[in-house]
Number of protein chains: 2
Amino acid sequence: MIKNKKVSLADIAMTLGVSKTLVSMVLNGKGDENGISKKTQERVMELAESMNYKPNQFARGLRMGRSNTIGLIVSDISNPFYSRLARSVEDAVSESGYNLMICSSDESEEKEMKLLEMLINKQVDGIILSSTLDSTDHVESLQNENFPFVLIDRIYNDFEANTVVVDNRTGALEAVEFIINNGHKKIAALVISPAHISTQVDRLEGYKDALSKHSIPINQYYQKVVKREDIYNAVSQIFIEWKSDHMMPTAIFVTNNQLAIGCLEAIRDLGLSIPKDISIVSFDDIDLFKLYSPPITSVIQPINSIARNAVEILLDNIKIKDNSESLIKTHKCLQTNIVVRNSVLKLA
Amino acid sequence: MIKNKKVSLADIAMTLGVSKTLVSMVLNGKGDENGISKKTQERVMELAESMNYKPNQFARGLRMGRSNTIGLIVSDISNPFYSRLARSVEDAVSESGYNLMICSSDESEEKEMKLLEMLINKQVDGIILSSTLDSTDHVESLQNENFPFVLIDRIYNDFEANTVVVDNRTGALEAVEFIINNGHKKIAALVISPAHISTQVDRLEGYKDALSKHSIPINQYYQKVVKREDIYNAVSQIFIEWKSDHMMPTAIFVTNNQLAIGCLEAIRDLGLSIPKDISIVSFDDIDLFKLYSPPITSVIQPINSIARNAVEILLDNIKIKDNSESLIKTHKCLQTNIVVRNSVLKLA
DNA sequence: CTGAAAGCGCTTACAG
DNA sequence: CTGAAAGCGCTTACAG
């Protein structure tokens, strides 16, 4: 079934006594428009099939300047959010006959730049990017080159591009409002570094929105950035600080699943009980939250929808570029949902 | 930084007034061996740099018949075991200047065959495969074509190929022995479908080994295959059956992390308590186990080492093939470790 | 209805 | 020390 015999267009043309041109046309479905007789078309198709002909992708790519491959860059494919996202992207692109190249940037600006170069060098037809960069130089280059790409998950306020995101601010607002509606006033927010990333910024804004809306004073002391390299220890320190200051919040909002995991560990190890001693709600839903004791209330992102939208927009852009029309920009903002479980205490 | 200007060898040769041959040689580090003067070499290098020359991969691939890309097929990249494996593979191949194409087969034989064809068609230089297939036809084809590949995680007893696996049988034996040493006699084993997969077979063997070793009768009734499509319900049914038969085991051994998740849910929803009502140990360690109440004892696989070994063997094979020597076969079997937590009750 | 030819951008004998 | 030329396998004007 898997043959490697390298049969080429020329082989087919030769055996059939026709030209490569004809074979190429037929195999690319351009038989009719070029008026190749049905009979000839059939003969070509059949032989190609029986010889198990597979066009050489390099030759094709070289000639046509396209690879039928798209690139996806995320910070870490082993983060469950991104692995599920990648899976959805994989499914979506493959339905359209594209292949996918998945890369992890590790939140390293240098690595992301390298990856971007590599993908362009590999001549991918487009890129889906969840960027770790603060500056927009790299995406501006892409834009200038008229290279099709869409930004997902993380975007730039001051830069116009194709984007598919979730309404992080509203999602966060709803989450914190849920906490407030349970009677809490001392609510802390933990974000993960690098703090410039739009998801973190927006979720923190949403947190502040909620407090403002309910006339709760916003306190810097309750907003902490946690270094992603050492979440557990950083979070533990924060709790210890709060405790020794006698300023322990009654609830915390965490903006990312890894952060949540670190918090759950730290809270447990400090002998604190959820939600009795401290309430918690997290952004991103993972298996763990459903099964934790108590189950953790969280904000769930429509991962599949993010992926599908991004792919759709990207493929549209690729098509547009092929017709050498100029690229348009599409923005898609999806809503999150809050899954209420048992990690928030109802205060009197 | 990212230029798309498509500068070619010819451009460099032209501006420098030398031949493409020379430029190509220099850029491929063959300047010295072809006796190109240091001076010329420098001029070429500098210009290439300043023009930001990037060789066209299609042209290169077409000419040389290699892509510098390797393929990885796993059942599902969103399964944490595989996403971590993929991440390690990505790191390992990129250190050697290779790119990676990750694909999910979804345990579908048809899909896996398509993926394999696709990767070969894309002319990847080698494949790392965790196969879902029962038959070995597909890997035999690869072998016959002298196509470099290595089987990981899942292998075939009756088929000789490069393999990197974990000692599933011993890992399972140790896990079950741990249960036995805590005084249990009624121990069940749950495996996931498709049950023909070597990991499942071997882990079940290990389970039986442990029972035999301790002279505990092996009972078919305590060995169940769970359909992966509907784990939660299937597991619930099994527990209900055991209960109504008054045959509830005191401990279960589950052979996969997804299965474990389903079990934890089912056990919780049936109002059973771990480890008081039932003890459990799982194969594969995931974040959840560490944080669950109680923390779940599990068998941990050396994921990074699996990845690194597989990549090393694969790249060796690719090199060997390039020198048109015949491929050798390497087998690597890594040991697992058991992480003891609190999910097994000490019986009197 | 069909074919000869050019050309995509490389690398590699071969020749001097 | 260096270059002209062939060829990898395709697609696409162009010609008839």
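Chain identifiers are assigned alphabetically (A, B, ...) following the order of the sequence lines, protein sequences preceding nucleic acid strands; residue numbering begins at 1 within each chain. Only this structure's heavy atoms are used, side chains among them; waters, hydrogens and symmetry mates stay out.
If you take atom C1' in C:dG3 and the same atom in D:dT11, they sit 14 Å apart, rounded to whole Å. Spacing between D:dC1 and C:dA13 at atom P, rounded to whole Å, works out to 23 Å.
Remark: P of C:dC1 and CD of A:Glu42 are 14 Å apart, rounded to the nearest angstrom. Between B:Lys20 atom NZ and C:dA13 atom P the separation is 16 Å, expressed in whole Å. Rounded to an integer number of Å, the gap from CG of B:Leu9 to P of C:dG7 is 18 Å. Following rounding to the nearest Å, A:Met14 (CE) and C:dG3 (C1') show an atom-to-atom distance of 15 Å. With rounding to whole Å, A:Arg43 atom CZ is found 13 Å from C:dC1 atom C1'. What separates CD of B:Gln57 from P of C:dC8 is a distance of 18 Å, to the nearest Å. Distance, B:Met64 CE to D:dA6 P: 21 Å, rounded to whole Å. What separates CZ of B:Phe58 from P of C:dT11 is a distance of 15 Å, to the nearest Å.
Looking at heavy-atom distances under 4.0 Å, A:Lys30 makes contact with sugar-phosphate atoms alone, never a base. B:Asn34 comes within 4.0 angstrom of a nucleotide base, judged by non-hydrogen atoms across all strands. Residue B:Leu22 is in sugar-phosphate contact alone, with no base atom involved, counting any heavy-atom pair closer than 4.0 Å across all strands shown. Using a 4.0 Å heavy-atom criterion, one finds that A:Gly17 contacts the sugar-phosphate atoms exclusively.
The pairing partner recorded for C:dA15 is D:dT2, the criterion being a Watson-Crick or G-U wobble arrangement whose two distances lie under 3.5 angstrom.
Across D:dA6, D:dT12, D:dC10, the shortest atom-to-atom separation from the side chain of B:Arg63 is found for D:dA6. Side-chain atoms of A:Leu62 lie closest to C:dC8 of the nucleotides C:dC10, C:dC8, D:dC10. Here the nucleotide nearest the side chain of A:Asn28, chosen from C:dT2, C:dC10, D:dT11, is D:dT11.
Between the side chain of B:Ser24 and the base of C:dT12 there is no donor-acceptor pair of N/O atoms closer than 3.5 Å. For B:Thr21 against C:dT12, a side-chain N or O and a base N or O form a donor-acceptor pair under 3.5 Å.
Nearest-nucleotide assignment on DNA chain D puts the 5′-proximal partner with B:Thr40, out of A:Tyr53 and B:Thr40. Nearer the 5' end of DNA chain C, as judged by each residue's closest nucleotide, is the contact made by A:Met25, out of B:Asn56 and A:Met25. For A:Lys54 and B:Ser19, each mapped to the nucleotide of DNA chain D holding its nearest heavy atom, the one lying further toward the 5' end belongs to B:Ser19.
Going from atom CD1 of B:Ile73 over to atom CD1 of B:Ile102 covers 12.0 Å, rounded to the nearest 0.5 Å.
Between B:Ser104 and B:Asp106, the side chains place no donor N or O within less than 3.5 Å of an acceptor N or O (distance only, hydrogens not considered). Under 3.5 Å, the side chains of A:Asn68 and A:Gln57 contain no donor-acceptor pair of N or O atoms.
Between A:Tyr156 and A:His138, the ring planes lie perpendicular to each other; the angle is over 60°, past the 30° to 60° tilted range.
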task: Dump the intermediate steps for salt bridge (charged side-chain N to carboxylate O under 4.0 Å, His left out) on B:Lys114 and B:Glu110, then the final yes or no.
output: CA-CA 6 Å; B:Lys114 282 223 176 84; B:Glu110 193 195 334; 3.2 Å; yes

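A donor-acceptor pair under 3.5 Å is formed between the side chain of A:Ser198 and the backbone N or O of A:Ile155.
OP1 or OP2 of C:dG9 has not a single side-chain nitrogen or oxygen of B:Ser8 nearer than 4.0 Å.
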